[in-house]
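Written out below as structure tokens is the structure these notes cover.
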Amino acid sequence: MPPKKMARVTKTAASSDDDSETVSSVKKTAGGKKRTAASVETGHNTESSMSPSSRQYCHWLMKSEPESRFESGVDVKFGIEDLKALPNKTSSWDGVRNYQARNFMRQMQEGQLAFFYHSNCKEPGIAGIIKIVKEAYVDHTQFDKKDVHYDATSKPNNPKWSMVDVQYQRMMKRYLPLSELKKYHLQHRSKGGPLKDMTLFTRARLSVQPLTTEEFDFVLSLEDKDPL
DNA sequence: GCCAACGTTGGC
DNA sequence: GCCAACGTTGGC
């Protein structure tokens, strides 16, 4: 596995958010390569007809920090350019230590797309698009005492944390700053529109989050528009 | 660097 | 199971 992804995340441990694997979905793990993600690529599916808890998402947003920052002496920098520079432009997304974020990763299916979001930097925003190329499997860094995201409370016979593999797809035609997305969010919140409930704003600290097809498509459409 | 928001911990 | 203290996230 590649570098250190970042996906920071709190170090939690048990929590209320279900530690459940159960939650719908999810795949099998490890060998994972199989499974064709059937419905997946179509992008659409049932979202509108399901309750939030059972909804199956097919688009995601994953945060990482493109600028150097040291955590326990280790640089957690990992921007989209760093992903692009790796062999096969692919990396595991390890280090997520938040149950909600983990559960979303466990719902991801091979072939689904995600926005690569740059956080904690000069200009936060969406930098490009990545694809899920391997579904959730055990994040080995949780057992590595040397790793920044080591979790002493997780045991190999019952791992707590998962990761997926992602592959670089492309840069956005233009960088989409958080500030611009926020303007749309506020606008849509008052007058209606696809970004009115976007998780990026309603649960700002979540490092892995879902987007509805409507949200994803709207954000994509901004590439061809002038900045607000 | 500040600090608001919010998830987690742990006493009770 | 409540909730205050604490730690982290991440925009600004």
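A quick note: this is a predicted structure, and the numbers were derived from the prediction, not measured. So you know, we letter chains A, B, ... as the sequences are listed, proteins then strands, and number each from 1.
- The listed nucleotides are dT8(B), dC12(C), dT9(C); the one nearest the side chain of R205(A) is dT9(C).
- Using modelled atom types and a 3.5 Å distance limit, the side chains of S162(A) and R102(A) yield no donor-acceptor pair.
- Note: CD (E71(A)) to P (dG10(C)) measures 11 Å, nearest angstrom.
- Taking atom CG of residue L200(A) and atom C1' of nucleotide dA5(B), one finds them 14 Å apart after rounding to whole Å.
- Separating the CD atom of E180(A) from the C1' atom of dG11(C) is a distance of 17 Å, rounded to the nearest angstrom.
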Problem - Test side-chain hydrogen bond (donor to acceptor under 3.5 Å, both in side chains) applied to W93(A) and D165(A), step by step - result: CA-CA 6 Å; W93(A) 202 271; D165(A) 287 355; over 6 Å; no
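- Here K182(A) lies in heavy-atom contact (under 4.0 Å) with sugar-phosphate atoms only.
- Between Y99(A) and dC6(B) there is no side-chain polar atom (N or O) within less than 4.0 angstrom of OP1 or OP2.
- Ring-plane geometry between F218(A) and Y184(A) is classed as perpendicular, the angle between the planes exceeding 60 degrees on a 0 to 90 degree scale with a lower cut at 30.
- The interatomic distance linking D151(A) (CG) with dT8(C) (P) rounds to 13 Å, in whole Å.
- A cation-pi arrangement is present between K134(A) and Y137(A) under the rule of less than 6.0 angstrom and at most 45 degrees off the ring axis.
- For K63(A), taking side-chain heavy atoms from C-beta onward, the closest of the listed nucleotides dG10(C), dG7(B), dG11(C) is dG10(C).
- For the pair E65(A) CD and dG10(C) P, the interatomic distance rounds to 7 Å; values are reported in whole Å.
- Rounded to whole angstrom, the span from the CD atom of E67(A) across to the C1' atom of dG1(B) amounts to 15 Å.
- Summarising the geometry, the separation between CZ on R69(A) and P on dG1(B) is reported as 14 Å, rounded to the nearest angstrom.
- Note on F201(A): nothing from the nucleic acid sits closer than 4.0 angstrom, heavy atoms only.
- One can place CD of E123(A) at 15 Å from C1' of dG10(C), the figure rounded to the nearest angstrom.
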